[in-house]
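Naming convention: chains lettered A, B, ... in sequence-line order (proteins, then strands); numbering from 1 in each chain.
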4 protein chains.
Amino acid sequence: MTDSKRPGKRERLAGAAVQVLHERGVEKTTLADIARAADVPVGNVYYYFKTKDQLIQAAIGEHGRELDTLIAGLEQLPTPQERLKALLRGWMSRPDVTARYGCPTGTLASELDKRDDGLDKAIAGVMRRLLDWVETQFAAMGRADARELAVGLFASYQGVALLTNTFRDPELMTVEGHRLERWIDSLAV
Amino acid sequence: MTDSKRPGKRERLAGAAVQVLHERGVEKTTLADIARAADVPVGNVYYYFKTKDQLIQAAIGEHGRELDTLIAGLEQLPTPQERLKALLRGWMSRPDVTARYGCPTGTLASELDKRDDGLDKAIAGVMRRLLDWVETQFAAMGRADARELAVGLFASYQGVALLTNTFRDPELMTVEGHRLERWIDSLAV
Amino acid sequence: MTDSKRPGKRERLAGAAVQVLHERGVEKTTLADIARAADVPVGNVYYYFKTKDQLIQAAIGEHGRELDTLIAGLEQLPTPQERLKALLRGWMSRPDVTARYGCPTGTLASELDKRDDGLDKAIAGVMRRLLDWVETQFAAMGRADARELAVGLFASYQGVALLTNTFRDPELMTVEGHRLERWIDSLAV
Amino acid sequence: MTDSKRPGKRERLAGAAVQVLHERGVEKTTLADIARAADVPVGNVYYYFKTKDQLIQAAIGEHGRELDTLIAGLEQLPTPQERLKALLRGWMSRPDVTARYGCPTGTLASELDKRDDGLDKAIAGVMRRLLDWVETQFAAMGRADARELAVGLFASYQGVALLTNTFRDPELMTVEGHRLERWIDSLAV
DNA sequence: GATGAATGAGAATTCATTCAT
DNA sequence: CATGAATGAATTCTCATTCAT
């Protein structure tokens, strides 16, 4: 933690990986791509990560941490409805990026599920934390079917992100976002 | 004097491609994989398809045709509600396959969007036809917000397929399926 | 020689080969290219020529025959000078084709010399006949150094064809043609 | 602590390429051939040259540089006649190599002209520099028709190289060489 | 620790040639 | 004889990973 070296080459790599994996996709991304984005020489990557998988692993961790931060922020809000709608707004906040590259979490999950290494577990873990948190909110609203609703909400977001990306149409995301907000409001007791 | 060459090697290849692309994903699938699945020597594939892209293209076409057939079958049903619920049931009919490999259409769309060739347009076309048909059903139910509802329904399915796949949990799909059926029923005038 | 079949599929193949080999070059030309140009199904080529080499061989033969015909025509002319200048004019008659594809004989010789099969001998034979004929003309002019002059003239043509092709400049060929004609005139006793 | 990696693997590759392309011809030469000649593993070639074309490009550059050096040496000579004759002698200095493989510049030009990539421009540039230099010498001799003479001389060399190669007869080159030297002498004012 | 270079295991693609009717 | 289809060997190219300093 001295600054004898630029702070956190390891972190820089993980961060760059999150970015590049989102934009290019897991399979299209080469180690060289990530190294370049992080401004780290290729050969050096292996000092920090023994394999490409481990780097991806780290990227997933980093991405998870970003989401945890987001959620931690939401905890400040007074009611579960507020929190859920704020989450929605966060998810939907950059429709053009989604239109271009899809949801970072979802596309990652989708791609990693095709692999036999353990990476799919890692991203599943991240998604589960999100899902659990959403469930908690619905439970706090007194809903017995909280899990079901959580799945429904999360699925709606993931699905519309996919459609938004496929059709390259940010509008889809915005419209569906509003629909879901109204739906949340309608659930209030 | 046997029935000679098994009919439609081209079709066999496209069919095998649909299958293998779904199971392995676009980027992980090698021509050799498809060739093997279709029981065709690799070199011979190029007699039918000039490039790997063209074979993928054909697979998309084939997949689209399968969906068109599915939909054509639904047209027999008397009410739009019936038709939509039947579509849902079709989509959700093999939760274990979805848990293992995701929705074939959705995963394809997700992966192809990372590519710069025109393949993303092809799969987008397939999805648009589905979406339009769903919209038509909602319109037939007298809903002014038919497009919005169509996007919502399609997104819900795509999203839950993604979650089902990520969590490897067929239950998710089944439960959400029922929830969506009830929702459709609730829309009846 | 009935016309139950279109006359001379074999000849058509050889002729097409001459053409295509000139335009595309030996190594870039595929059997399929030649077959297509001759309007003969690929599989059928092998009925007439057991290997690609044999087809090229036939093309060389055909090309040689065309040159022999050309030369036979020149024999009508009264003086060796006339004959040589007519040969020159024949060679230089389509400078734009030469600029695009080079001299058919020369490029063939150049490419075939890189191969270990006997094809180089075949094209060398064709060139030798030409060279001998030129020598004969110089001898008829009473020149003791007829061989040397023949080599010089033939070389000048081949060389300028190469430059014309390399620089894609038909003018080169025309100008050098005139220069060589003047040179021939200057040799008259 | 040895002199470590032999210096200039990139140069070694380009040099080997010049050699092998001359001997085997462009189309018959495989990357593996060049790699072997340079004693470099195939995969490693791509560290230095992104494509085969780029390696060929580099070979052309290297070849051009060799010619430039040759010419620079000739500049020392006092008269243009001396310089031209020295060039001739350089060109004709290894008739047996020419008999076996042709003129490296000429065969390269001939083969590359069949390709659609820009490689033909590259070799044409090399030849143009040579041609220009020859023209300059003739101009220095006070000849108004310097360009024409330059084309004639260059063509004679290229042509006789082609014949020498085709007939596998080094004598041709030697004899024509002398003839051209006498011709240059005869041009002196 | 840092780094440019090395290496080899695939992957797509092309094509002469052969085969089955 | 004719012909669409089949086959496999060769070739270019990519990249994760390793090595030598």
Could B:Asp120 and B:Lys114 be called an ion pair, given the rule that one side-chain N must be under 4.0 Å from one carboxylate O? no

Looking only at side-chain atoms of A:Pro41, point me to the closest of E:dG4, E:dA6, E:dT17. E:dG4

Flag for A:Thr107-A:His22: side-chain donor and acceptor within less than 3.5 Å: no

Result for 5'-nearest mapping on DNA chain E, choosing between D:Val42 and A:Val42, is A:Val42

Considering only NZ, NE, NH1 and NH2 on the basic side and carboxylate oxygens on the acidic side, decide whether D:Arg115 and D:Glu27 come within less than 4.0 Å. yes

Atom CZ of A:Phe49 and atom P of F:dC15: how far apart are they, to the nearest Å? 20 Å

In whole angstrom, what separates C:Arg10's CZ from F:dA2's C1'? 16 Å

Just to confirm, is there a sub-4.0 Å distance from OP1 or OP2 of E:dA2 to any side-chain nitrogen or oxygen of A:Tyr48? yes

How long is the span from the OG1 atom in C:Thr29 to the CD1 atom in C:Ile56, to the nearest 0.5 Å? 8.0 Å

Across the strands shown, which category fits C:Tyr47 at heavy-atom distances under 4.0 angstrom: base, sugar-phosphate, nothing? sugar-phosphate

Whole Å only: how far is the CD1 atom of A:Ile56 from the C1' atom of F:dC15? 13 Å

Indicate the atoms forming the closest heavy-atom contact of A:Leu13 with A:Tyr48, along with that distance. CD1-CD1, 4.1 Å

Go through A:Ile34 and A:Val45 one step at a time and tell me if the side-chain contact (heavy atoms from CB on, under 4.5 Å) criterion holds. CA-CA 9 Å; A:Ile34 299 177; A:Val45 173; over 6 Å; no

Can you check the B:Lys50 NZ to E:dC15 P distance for me, whole Å? 12 Å

Across all strands shown, which nucleotide pairs with E:dA20 by Watson-Crick or G-U wobble geometry, both distances under 3.5 Å? F:dT3

Between P on F:dA16 and CG on A:Leu119, what's the gap in Å once rounded to a whole number? 14 Å

Which nucleotide in the list F:dC13, E:dT17, F:dA16 gets nearest to the side chain of A:Tyr46? F:dA16

Spacing between B:Lys9 atom NZ and E:dA20 atom C1', to the nearest angstrom: 12 Å

Whole-Å distance, C:Leu13 CG to E:dA16 P, equals 14 Å

Assess whether a salt bridge exists between A:Lys28 and A:Asp33, defined as any Lys/Arg side-chain N lying under 4.0 Å from an Asp/Glu carboxylate O. no

Sorted by number, residues from residues 14-37 of chain C placing a heavy atom under 4.0 Å from DNA chain E are C:Thr29, C:Thr30, C:Leu31

Identify, between C:Asp53 and D:Asn44, the residue whose nearest nucleotide on DNA chain E lies closer to the 5' end. D:Asn44

OP1 or OP2 of E:dT14 sitting under 4.0 Å from any side-chain N/O of B:Lys52? no

Gap between atoms CG and P, on A:Leu55 and F:dC15 respectively (whole Å): 16 Å

